[in-house]
> 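This is the structure, below, for whatever I ask next.
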2 protein chains.
Amino acid sequence: MPARYLVARELAELFKALAHPDRIRIVEELRSGERDVNALAIALKMTPARTSQYLAVLRLNRLVEERRDGRHHFYFLEQPDVAQWIVTGLTFIERRFNAIDPAQIASVRAIWSAPADPPTSDRTEETSSSPQKD
Amino acid sequence: MPARYLVARELAELFKALAHPDRIRIVEELRSGERDVNALAIALKMTPARTSQYLAVLRLNRLVEERRDGRHHFYFLEQPDVAQWIVTGLTFIERRFNAIDPAQIASVRAIWSAPADPPTSDRTEETSSSPQKD
DNA sequence: CTGATATATTCGCATATGCGCATACAACGA
DNA sequence: TCGTTGTATGCGCATATGCGAATATATCAG
């Protein structure tokens, strides 16, 4: 079995794992440290169920790891470098359509490239009005 | 509309475009210069129809460009850096499963990282036994 | 220990998208 | 016109997605 094809297949799996906006945003969120499922769900405005499913996909691809503490399941980047790699990918979407203002990409690049924000010390119980730089 | 989500969506489109082994291999082939559809189809052991479809996906995502010369449609990387970026992605699949021998990844990395082979001067008419380092 | 609550995962189902294939169609050169 | 080259279309199938409900699992009160 040709090695090049095998490797291409695994690469394709990696790309598939990241081929969803919400999964990319999860990686983005985790740059600044571990989060539990609920905190992620709130930050990304998703249900815990979907959040958990996306995390499962990322976990299967060895992109995140789980740490349990009581009822909370904390997730963190298993390979933090992947975040920077994704940022590099912004280079290749700048020429895509005109759907995106280059200034928006620049601002997102700045956010991702900046030293990660420490996790806000919010309690996970707060269900709304968490500060977001969306 | 939150900029971060918009950008994440475009990134996800990029990942989707690359989320198939054959499309990755097309990028790989094009590292060494432009190829026409038939040459790619032969090298990748696919039908011209599928090859053309995959090229269309890559073209929509601004990863390849087309140059027509008579009956032949030549394709080449619009953003050659994307090949090196994909190679970097190999870093993140080395820990995936044990499906792949690390030595295989290393060899593929070497192939991709090496200065691209000049296109073999094969005629496109040869339908089999083209030299491959699979 | 029992029951109630908080947290996270899994399941079932409907819909959408991607894939592979075959085939029809279009563009070009001889 | 005829063969070559490439693209577009339609079909069957598999997989991904989104959502709500059901099911764990852990904590806590009594």
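Convention: sequence-line order gives letters A, B, ...; per-chain numbering from 1.
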> C:dA8, OP1 or OP2 - any side-chain N/O from A:Ser52 closer than 4.0 Å?
no

> Nearest 0.5 Å, please: how far is OG1 in A:Thr51 from NE2 in A:His73?
13.5 Å

> Rounded to whole Å, how long is the line connecting atom CG of A:Asp36 with atom C1' of D:dA26?
14 Å

> Scan nucleotides 23-30 of chain C against the protein and return all N/O pairs shorter than 3.5 Å with their distances rounded to 0.1 Å.
none

> Can you find a pair of side-chain heavy atoms, one from B:Ile86 and one from B:Leu18, that are under 4.5 Å apart?
yes

> On DNA chain D, does the nearest nucleotide to A:Ala19 precede the nearest nucleotide to B:Phe74 from the 5' side, or the other way round? Give the residue.
B:Phe74

> Rounding to a whole Å, what distance do you find between B:Gln53:CD and D:dT5:C1'?
15 Å

> If only side-chain N and O atoms of B:Asn38 are considered, is one of them under 4.0 Å from the OP1 or OP2 phosphate oxygen of D:dG6?
yes

> How far does CD1 of B:Ile42 sit from CZ of B:Arg35, to the nearest 0.5 angstrom?
11.5 Å

> Can you give me the N/O atom pairs linking the protein to nucleotides 11-13 of chain D at distances under 3.5 Å, or say none if there are none?
none

> How long is the line joining CD of A:Glu34 and P of C:dA8, in whole Å?
12 Å

> Indicate the ring-plane relationship of A:Tyr54 and A:His20, choosing parallel, tilted or perpendicular according to the 30° and 60° boundaries.
tilted

> May I have the distance from A:His20 (atom NE2) to D:dA16 (atom P), rounded to whole angstrom?
12 Å

> Mind calculating the distance between CE (B:Met46) and C1' (D:dG6) to the nearest angstrom?
13 Å

> Whole-Å distance between C:dT9 P and A:His72 NE2?
12 Å

> Could you measure the distance from the CZ atom of A:Phe15 to the CZ atom of B:Arg23? Nearest 0.5 Å is fine.
11.0 Å

> Hey, is the main chain of A:Leu77 close enough, under 3.5 Å, to the side chain of A:Arg31 for a donor-acceptor pair?
no

> Regarding B:Tyr54, tell me which of base, sugar-phosphate or nothing describes its non-hydrogen contacts under 4.0 Å with the strands shown.
sugar-phosphate

> Are any of B:His73's side-chain N or O atoms less than 4.0 Å away from OP1 or OP2 of D:dT7?
yes

> Backbone N or O of B:Ala39 within a donor-acceptor pair of the B:Asp36 side chain at under 3.5 Å?
yes

> Base, sugar-phosphate, or nothing for B:Arg23, non-hydrogen atoms under 4.0 angstrom?
sugar-phosphate

> To the nearest angstrom, how far is B:Glu13 atom CD from D:dA16 atom C1'?
14 Å

> Of the non-hydrogen atoms in A:Leu14 and B:Gly89, which two are nearest, and what is the gap between them?
CD2-O, 3.7 Å

> Can you tell me the distance, in whole Å, between the CD1 atom of A:Ile24 and the P atom of D:dT17?
12 Å

> Output yes when a side-chain donor or acceptor of A:Arg62 lies under 3.5 Å from a complementary backbone atom of A:Glu78, and no otherwise.
no

> Using a distance-only criterion (donor-acceptor N/O pair, under 3.5 Å, no hydrogens), is the base of D:dT7 paired with the side chain of B:Glu66?
no

> For DNA chain C, whose closest nucleotide is more 5', that of B:Arg50 or that of A:Tyr75?
A:Tyr75

> State, yes or no, whether a side-chain contact exists between B:Leu30 and B:Val27 at a heavy-atom distance under 4.5 Å.
no

